[in-house]
Amino acid sequence: MKQYIVDAFTGEPFSGNPAAVCVMDKWPTDEAMMKLAMENNLSETAFIVKEEAGYHLRWFTPGTEVELCGHATLASSFVILNFYDKDSDEVRFNTLSGQLIIKRKGDLYEMNFPTYELNEIPVTEDMEKAFGAKPTKAVLGLDLVCIFDDEDTVRNMVPDQTLLMNIPGRIQNATARGSETDCVSRSFCPKLAIPEDPVCGSAHCQIADYWAKELGKEEIFAYQASKRGGYLRCQPQDGGRIALRGQAALVGITEIVAELR
């Protein structure tokens with residue numbers, strides 16, 4: 001079984017968000033996939049099997065299987081379109097979040113993801129203690145999105161991972177208006193056994209959707225201000241969907257020789 005290491009939402013290796021992409025002839029057990037995800041110790045390991053209905057894609061963190069992952073989907077489309085279906089500029093994945101269609105547009109890969117309804121919730125003392133700064137606003141969809149007044153607050157915060165576990169959301173996001181981009185954000189994921197996701201596509205289904213409405217813009221240019229950093233171009237679509245565009249860079253190709261069972 002071949003495994004590809006791809007950095008997503010960047011054109012340069014060793015930046016953006018790394019994902020492992022495994023292309024297989026048949027499914028191993030869930031336990032085996034979980035073990036390999038733990039061995040890789042990346043925020044996501046993607047597993048792909050080509051079936052009669054098309055490519056089936058699943059995502060595992062070191063702690064659990066998840067229903068949607070943006071950067072590992074981008075990495076997976078990069079692998080399929082550059083190593084398996086080289087003559088195609090589109091790939092369709094069947095996933096826990098339905099069918100995802102990814103299109104190659106020059107050096108960008110465009111994903112079409114569902115958005116999530118965002119509901120404003122009260123800013124709590126627990127949020128302030130967890131982030132180390134008080135948000136001005138909080139909205140909740142699949143993830144928690146806390147809005148701050150100053151992008152430097154977001155860039156420099158050192159949240160308490162234990163306290164983050166006690167506030168709502170699958171992922172706890174901090175975001176603010178950006179000086180060079182429309183928004184700056186960071187995504188913390190202790191509930192998924194990931195202290196911080198370097199660049200989180202699924203979180204931007206909510207972050208970018210929020211800022212598009214807040215700023216009245218059709219497209220949001222977003223920066224994820226982790227140590228690795230990465231850029232996303234996000235465009236809300238009709239029907240509760242959003243287009244996320246980004247680059248990808250290949251880091252390595254390895255062969256898994258251990259038996260997965």
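Remember, it's a predicted structure, so these values are computed and weren't measured experimentally. In what follows, every heavy atom counts, from backbone to side chain, and hydrogens, waters and symmetry copies are set aside.
- Screening Thr95, Val21, Val6 for a side-chain contact (heavy atoms from CB on, under 4.5 Å) involving Ser76 leaves a single residue, Val21.
- Across all non-hydrogen atoms, the minimal contact from Cys200 to His204 is O-ND1, 2.8 Å.
- Checked by atom type, the side-chain pair Asp85/Tyr55 shows a donor-acceptor distance below 3.5 Å.
- Checked by atom type, the side-chain pair Ser202/Arg170 shows a donor-acceptor distance below 3.5 Å.
- Without hydrogens or angle criteria, His56 side chain to Ile48 main chain gives no donor-acceptor distance under 3.5 Å.
- Between Glu255 and Lys2, none of the side-chain N atoms (NZ, or NE/NH1/NH2) sits under 4.0 Å from a carboxylate O, so this pair counts as no salt bridge.
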(request) Please lay out, stage by stage, how Gln99 and Asn94 fare under the test side-chain contact (heavy atoms from CB on, under 4.5 Å). (result) CA-CA 4 Å; Gln99 187 177 78; Asn94 297 312; 3.6 Å; yes
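- Note that CG of Asp197 and CG of Leu192 are 8.5 Å apart. Values are rounded to the nearest 0.5 Å.
- For Thr181 (side chain) and Ala222 (main-chain N/O), no donor-acceptor pair under 3.5 Å exists by modelled atom type.
- Heavy-atom neighbours of Glu12 CD from other residues, nucleotides or ligands within 6.0 Å: at or below the threshold of 12.
- Glu128 contributes no side-chain N or O that, together with a main-chain N or O of Thr124, makes up a donor-acceptor pair within less than 3.5 Å.
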(request) Let me see the working for Leu163 and Asp126 under side-chain contact (heavy atoms from CB on, under 4.5 Å), right down to the final yes or no. (result) CA-CA 7 Å; Leu163 296 181; Asp126 286 345; over 6 Å; no
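- The aromatic rings of Tyr4 and Phe83 sit tilted relative to each other, their planes meeting at an angle between 30° and 60°.
- Residue Gln161 comes nearest to Phe188 through the heavy atom pair NE2-CD2, 4.2 Å, listed as atom of the first residue, atom of the second, then distance.
- The environment of CD in Glu39 is sparse: at most 12 heavy-atom neighbours from other residues, nucleotides or ligands sit within 6.0 Å.
- Put simply, OH on Tyr210 and SG on Cys183 are 10.5 Å apart, with the number rounded to the nearest 0.5 Å.
- Atom CG in Leu96 sits 12.5 Å away from atom SG in Cys69 (nearest 0.5 Å).
- Of the N and O atoms on the side chains of Ser179 and Glu151, at least one donor lies less than 3.5 Å from an acceptor on the other residue.
- Defined by atom type and a distance below 3.5 Å, a donor-acceptor pair is present between the side-chain atoms of Trp27 and Glu51.
- Proximity of Met127 to Ile121: side-chain heavy atoms (C-beta onward) are separated by under 4.5 Å at one or more points.
- Of the possible donor and acceptor atoms, one in the side chain of Asn82 sits under 3.5 Å from a partner among the backbone N and O of Phe78.
- Contact annotation: the side chain of Ser185 never approaches that of Asn173 to less than 4.5 Å [non-hydrogen atoms, C-beta and beyond].
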(request) Please assess Val145 against Leu140 for the test side-chain contact (heavy atoms from CB on, under 4.5 Å), listing each intermediate value before the final yes or no. (result) CA-CA 6 Å; Val145 180; Leu140 182 65; over 6 Å; no
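- In this structure, Pro13 and Leu250 have side chains that are not in contact, with every pair of non-hydrogen atoms separated by 4.5 Å or more.
- Aromatic rings of Phe9 and Tyr231 (six-membered ring for Trp) have centroids beyond the 6.0 Å cut-off, not under it.
- Counting heavy atoms from C-beta on, the side chains of Glu44 and Thr61 come closer than 4.5 Å.
- A continuous path of Ile, Leu, Val, Met, Phe, Trp and Tyr side chains, each step under 4.5 Å between heavy atoms, connects Met34 with Leu36, placing both in one hydrophobic cluster.
- Checking side-chain atoms of Gln206 against main-chain N and O of Asp143 turns up a donor-acceptor pair under 3.5 Å.
- A heavy-atom distance below 4.5 Å is not found between the side chains of Val251 and Pro18.
- Remark: the Trp211 side chain and the Thr175 side chain contain an N/O donor-acceptor pair separated by less than 3.5 Å.
- For Arg186 (side chain) and Val154 (main-chain N/O), a donor-acceptor pair under 3.5 Å exists by modelled atom type.
- The closest side-chain heavy-atom distance from Cys22 to Met33 is not below 4.5 Å.
- Looking at Cys146 and Phe131, their side chains come closer than 4.5 Å, going by heavy atoms from C-beta outward.
- By the 4.5 Å heavy-atom criterion applied to side chains, Lys137 and Phe148 are not counted as neighbours.
- Between Ser187 and Gln224, the side chains place a donor N or O and an acceptor N or O closer than 3.5 Å (distance only, hydrogens not considered).
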(request) Using the side-chain contact (heavy atoms from CB on, under 4.5 Å) rule, take Leu57 and Thr73 through it: C-alpha gap first, then chi angles, then the decisive distance, then the call. (result) CA-CA 8 Å; Leu57 171 63; Thr73 301; 3.9 Å; yes
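- Taking 4.0 Å as the cut-off between side-chain N and carboxylate O, Lys217 and Asp182 count as a salt-bridged pair.
- A 6.0 Å sphere centred on NZ of Lys191 holds more than 12 heavy atoms belonging to other residues, nucleotides or ligands.
- Nearest approach of Ala37 to Thr45, heavy atoms of both residues: CA-OG1, 3.7 Å.
- For the side chain to side chain donor-acceptor pair (under 3.5 Å) with Gln235, the qualifying choice from Arg245, Glu218, Arg241 is Arg245, the only one to do so.
- The two atoms that bring Leu68 and Tyr116 nearest to each other are CD2-OH, 3.5 Å, heavy atoms only.
- Using a cut-off of 4.0 Å between Lys/Arg side-chain N and Asp/Glu carboxylate O, Asp89 and Lys105 are scored as not salt-bridged.
- Scanning all heavy atoms of the two residues, the minimum distance from Met38 to Pro62 falls at CG-O, 3.2 Å.
- Side chains of Asn17 and Asp7: a donor-acceptor N/O pair is absent below 3.5 angstrom, by distance only.
- Seen from the ring of Tyr109, Arg104 does not count as a face-on cation partner, given the 6.0 Å and 45° thresholds.
- The two residues Ala46 and Trp59 come nearest to each other via the heavy atoms CB-CD1, 4.3 Å.
- Shown here is Asn119, whose CG atom has more than 12 heavy atoms of other residues, nucleotides or ligands within 6.0 Å.
- Asn40 and Gln3 share a side-chain donor-acceptor pair at under 3.5 Å.
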